[in-house]
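Quick caveat, the model's predicted, so the values are computed rather than measured.
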Amino acid sequence: MTVTARPGDPVITPALVAEHGLTTGEYDRLVAMLDRTPTFTELGIVSALWSEHCSYKHSRPLLKTLPTKAPYVLQGPGENAGVIAIGDGLAVAFKIESHNHPSAVEPYQGAATGVGGILRDVFTMGARPIALLNSLRFGSLDSARVRYLFAGCVKGIGDYGNCVGIPTVAGEVVFDPAYEGNPLVNAMCVGLLKEEELMLAVAQGVGNPIIAVGARTGRDGIHGASFASEDLSEASEAKRPRVQVGDPFTEKLLLEASLELIHSGHIVAIQDMGAAGLVSSSAEMAARGDVGVVIDTLKVPAREEGMTPYELLLSESQERMLVVAKVGHADHVRAILEKWDLTAAVIGEVIAEPVYRVTEGERVVAEFPGIRLVTDCPMYEPDARESDDIRTRREQDVDAIAERKEEADPVWTLTELLGSPTIASKRWVFQQYDHTVRTSTVVGPGGDAAVVRIRGTDKAIALKTDCNGRYTYLDPREGARIAVAEAARNVACAGGRPKAITNNLNFGNPKRPEVYFQLREAVAGMGEACLALGTPVTGGNVSLYNENPTGAVYPTPVVGMVGLVESLRHITRSAFSTDGDAIVLLGNNTSEIGGSEYLQRIHDVVAGHPPRCDLEAECALIDALLDAIAEGAVRSAHDCADGGLAVALAECVMMERGQQLGADIDLSAWSSLPTRALLFGEAQARVVVSTPDAAAVLATARRNGVPAAVIGTVRSTSESLNITIGTSRISAKVGTLANAYHDAIPNIMLRSASQLDVALASNAVA
């Protein structure tokens, strides 16, 4: 069929091509594929599908090196979400994705629609969402702009999840000047399904109708995928129209309608109209099924008059799905959608001819040969070179940094660290989330990992997101290994066996050699850790171009870990609870302080080698901990991470405000180490447990080859955390530590609460 330009469409010029984000070489590739000059609609289609956000053109070769298989992996990368079997005929679908750029210019809607998108990715697999998590990064809270972004993102996440009725059960929030101009907003969703109900987004069946369901299409979010594939600049504020507007109440209806459709037998495929909207969902489903499709844009339900094919294809209006129904079943699909007060319109069909064709009534406005629209995007492997500045920072002798005079009292240092917004309690955040809705949350936000029970079984799943961007900045490979290992430790502390991960790779501009080096090394480190720990990668998201004129964010490869708790009896909490319990340290202390929160918070220094990640030791630690939990010997378990051992011990005695215990600790066995390294160094593969049977824990540790030692006792009658190191005794009032830990973020946010409320009210669209 002949493709014709629409009257009024702009002429294709080099300037227009550049405006669409295509390089000269990519445009030449497009012309060669078509054997003619593209129409304006075709240029828009390729601009979206060949953007970094959709094509992964700088990362796909690296991602192929990650381990993705295990006997229990039912669906790995390439679908809307990964799926693993958990026994009893049940499976868990999960995925993490970013909404960084939209959240930087419109935090409320940017974060809210990020939640909406990840929910749709999960329920299109046939899974009912049962939990949400998030991983957030912001600049210093000293900045009014950062406080506005932080408050807006938190409110957007809370409002959307709360309205849909999905509990937000876990996450992490980090504050660092490296994220000043580029907040990172990563959202993760977990859903539950029966194995036989797994639905894939693969178009098939010649003659099957293609149906747009859900909300009508508007002009919001056009070129959102392209926006996410470019550096932020001062001009980014003008791109607010590229930020989608969410409606969680429609999302709830769409969730129920989609699950009913999947279970009805009337459809063969379903996919979210997410990044790049209709064009992405239709082209990707056709490519997966190796079939052709035809779409008539005049049949797409629009909420605005006069929308062009270009706009209808590229709009990222929210709460929409694309469905491939069985021949003759379109009326059944409409009936289900009408039941839920949603629209359903047949807009095309699957065809035998191997083409991707878009019409506007009788006029063909775009046509591409077969699956090449998706597969012909060029892949890049840029030069990779480590930054000389970062190498110099890593090699700096941080042990030579002189202590401040205040550090003569380690309690001062501990209090400072507990008041650091990165370490301090995030209750101000998660109290805005409903984490108990659906009544399956056993362990909610604030601990090592969340635990959600699987109804009708004796099982639960443990969930966590993790990453230390400062480690990855100083050593990308080691930092990514630690991200996986720490997520696994946190899940194990809750009683779960780590099973699989989803990842969100947040990096700067990959065309810069130092950024591509970080990406390449981080993926390699992540792969090494996943192989060692037996946690395959089931999918995820790559978010590049997270930088502005001041520079790139820390490379932040966020890991979303899913673990299986084999019995509800194994669920373990983080805080001490029982007077007289012995306190045991699993793992060993070292002299490492490189890359620590201590150096950054107390000395404003980001330098040194991050702590070494011994993957063999991490595996042994997890095995020992889970064995001890299964034996009933562990009362609580808490990972040693940011802030080191002293911070972990302090959290154990006052993590829950109003339930404060004391503890007597003796670390004299490590008195040869520098005190600041012993207390605040962030050596890996360490967990603090409380136990009524120390001998049993020590025996289990010994059997697994894990160093272990009794280091203290829980005291319900004490008001202090007392630490002895040789002849030195440190005594900190638990109430003082609790105030520093629990009040840090509320005190900062309350100072500007009235201004924030006004700003957020003007941007929150119901």
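- Looking only at atom types and distance, the side chain of Asn80 has no donor-acceptor partner in the side chain of Asp272 under 3.5 Å away.
- Between the side chain of Thr65 and the backbone N or O of Pro61 there is no donor-acceptor pair closer than 3.5 Å.
- Classification of the His58-Tyr380 ring pair by plane angle, with boundaries at 30° and 60°, yields parallel.
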Practice prompt. For the pair Arg216 and Glu304, evaluate salt bridge (charged side-chain N to carboxylate O under 4.0 Å, His left out) and give the outcome as yes or no after the intermediate values.
Written response: CA-CA 9 Å; Arg216 293 176 175 272; Glu304 300 181 47; over 6 Å; no
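- By the 4.5 Å heavy-atom criterion applied to side chains, Leu49 and Val279 are counted as neighbours.
- Side chain of Ser258 to main chain of Leu255: no donor-acceptor pair is present (N/O by atom type, distance under 3.5 Å, no hydrogens or angles).
- Side-chain contact of Gln318 with Arg120: a donor-acceptor pair under 3.5 Å is present, judged by distance alone.
- Between Arg357 and Glu353, at least one side-chain nitrogen of the basic residue sits less than 4.0 Å from a carboxylate oxygen of the acidic one, meeting the salt-bridge criterion.
- For the atom pair Ile118 CD1 and Thr502 OG1, the distance stands at 7.0 Å (nearest 0.5 Å).
- Counted by atom type alone, Tyr516 and Glu381 present zero donor-acceptor pairs between their side chains at under 3.5 Å.
- Atom CD of Glu196 has more than 12 neighbouring heavy atoms from other residues, nucleotides or ligands inside a 6.0 Å radius.
- You'll find the side chain of Cys189 stays beyond 4.5 Å of the side chain of Phe94, heavy atoms only.
- Under the 3.5 Å distance criterion, with hydrogens and angles disregarded, a donor-acceptor pair is assigned to the side chains of Asn548 and Asn182.
- Side-chain atoms of Ile12 and Val17, non-hydrogen and from C-beta on, do get closer than 4.5 Å to each other.
- The only option from Ile347, Thr359, Val346, Ile211 that meets the side-chain contact (heavy atoms from CB on, under 4.5 Å) definition with Lys299 turns out to be Ile347.
- The side-chain heavy atoms of Leu66 and Val523, taken from C-beta on, include a pair separated by under 4.5 Å.
- One finds the CE atom of Met379 at 5.0 Å from the CZ atom of Arg60 (value rounded to the nearest 0.5 Å).
- Between the Glu311 side chain and the Thr308 main chain, a donor and an acceptor come within less than 3.5 Å of each other.
- Remark: the Ser317 side chain and the Ser315 side chain contain an N/O donor-acceptor pair separated by less than 3.5 Å.
- Distance check: Leu259 CG to Ile336 CD1 gives 11.0 Å after rounding to the nearest 0.5 Å.
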Discussion item. Walk me through whether Lys57 and Glu52 qualify under salt bridge (charged side-chain N to carboxylate O under 4.0 Å, His left out).
Written reply: CA-CA 6 Å; Lys57 57 190 174 185; Glu52 191 75 52; 5.5 Å; no
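- In this structure, CD1 on Ile267 lies 9.5 Å from NZ on Lys326, to the nearest 0.5 angstrom.
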Worksheet item: Can Tyr356 and Ser282 be said to form a side-chain hydrogen bond (donor to acceptor under 3.5 Å, both in side chains), step by step?
Response: CA-CA 9 Å; Tyr356 179 82; Ser282 56; 2.7 Å; yes
Worksheet entry | Residue pair Val324, Gln204: steps toward the side chain to side chain contact (heavy atoms under 4.5 Å, CB included) verdict | CA-CA 8 Å; Val324 179; Gln204 55 186 309; over 6 Å; no
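- The distance from the CG atom of Leu200 to the CD atom of Gln75 is 5.5 Å, given to the nearest 0.5 Å.
- Donor-acceptor pairing under 3.5 Å is recorded for the side chains of Asn504 and Asn541.
- Counted by atom type alone, Ser543 and Asn100 present one or more donor-acceptor pairs between their side chains at under 3.5 Å.
- Using a 4.5 Å heavy-atom threshold, the side chains of Thr168 and Leu133 count as separate.
- Taking the six-membered ring where the residue is Trp, Phe40 and His20 present perpendicular rings, their angle passing 60° and hence far from 30°.
- Of the inter-residue distances, the one linking Thr4 atom OG1 with Glu362 atom CD reads 11.0 Å to the nearest 0.5 angstrom.
- Put simply, the side chain of Ser281 gets close to the backbone of Leu278: a donor and an acceptor are under 3.5 Å apart.
- Side-chain contact between Ile96 and Val558 is present, with at least one heavy-atom pair separated by less than 4.5 Å.
- Taking 4.0 Å as the cut-off between side-chain N and carboxylate O, Glu256 and Lys252 count as a salt-bridged pair.
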Discussion item. Between Arg36 and Glu367, does the salt bridge (charged side-chain N to carboxylate O under 4.0 Å, His left out) criterion hold? Intermediate values first, please.
Written reply: CA-CA 11 Å; Arg36 58 176 169 78; Glu367 184 170 298; over 6 Å; no
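- The existence of a salt bridge linking Glu26 and Arg29 is excluded, since no basic side-chain nitrogen approaches an acidic carboxylate oxygen closer than 4.0 Å.
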Practice prompt. Could you walk me through whether Arg320 and Val213 pass side chain to side chain contact (heavy atoms under 4.5 Å, CB included), step by step?
Written response: CA-CA 6 Å; Arg320 299 178 303 154; Val213 305; over 6 Å; no
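- Side-chain contact of Tyr108 with Ser103: a donor-acceptor pair under 3.5 Å is absent, judged by distance alone.
- With salt bridges taken as basic N to acidic carboxylate O contacts below 4.0 Å, one links Glu547 and Arg512.
- Shown here for Ser98 and Asn506, the closest heavy-atom pair between the two residues is CB-OD1, 4.1 Å.
- The closest side-chain heavy-atom distance from Glu79 to Met125 is below 4.5 Å.
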Discussion item. Using the rule given for side chain to side chain contact (heavy atoms under 4.5 Å, CB included), can you reason through Asp9 versus Thr39, listing the C-alpha separation, both sets of side-chain angles and the distance that settles it, and then say yes or no?
Written reply: CA-CA 8 Å; Asp9 278 354; Thr39 66; 5.7 Å; no
Worksheet item: When you look at Arg6 and Thr41, which way does the side-chain hydrogen bond (donor to acceptor under 3.5 Å, both in side chains) test go after all the steps?
Response: CA-CA 9 Å; Arg6 294 182 71 255; Thr41 302; 5.9 Å; no
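- Put simply, the side chain of His99 gets close to the backbone of Gly110: a donor and an acceptor are under 3.5 Å apart.
- Using modelled atom types, no side-chain atom of Glu319 and backbone atom of Glu251 make a donor-acceptor pair closer than 3.5 Å.
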Discussion item. Evaluate Thr113 against Gln109 for side-chain hydrogen bond (donor to acceptor under 3.5 Å, both in side chains), listing each step before the verdict.
Written reply: CA-CA 6 Å; Thr113 53; Gln109 290 295 348; 5.5 Å; no
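- For the residue pair Val115 and Gly161, the shortest heavy atom distance occurs at CG1-N, 4.4 Å.
- Side chains of Thr124 and Met321 form a contact here, defined as non-hydrogen atoms less than 4.5 Å apart.
- Here the side chain of Asn503 pairs no donor or acceptor atom with the backbone of Leu505 at under 3.5 angstrom.
- Here the closest non-hydrogen pair linking Val92 and Leu192 is CG2-CD1, 4.4 Å.
- Nearest heavy-atom pair across Glu195 and Ala91 is CG-CB, 4.1 Å.
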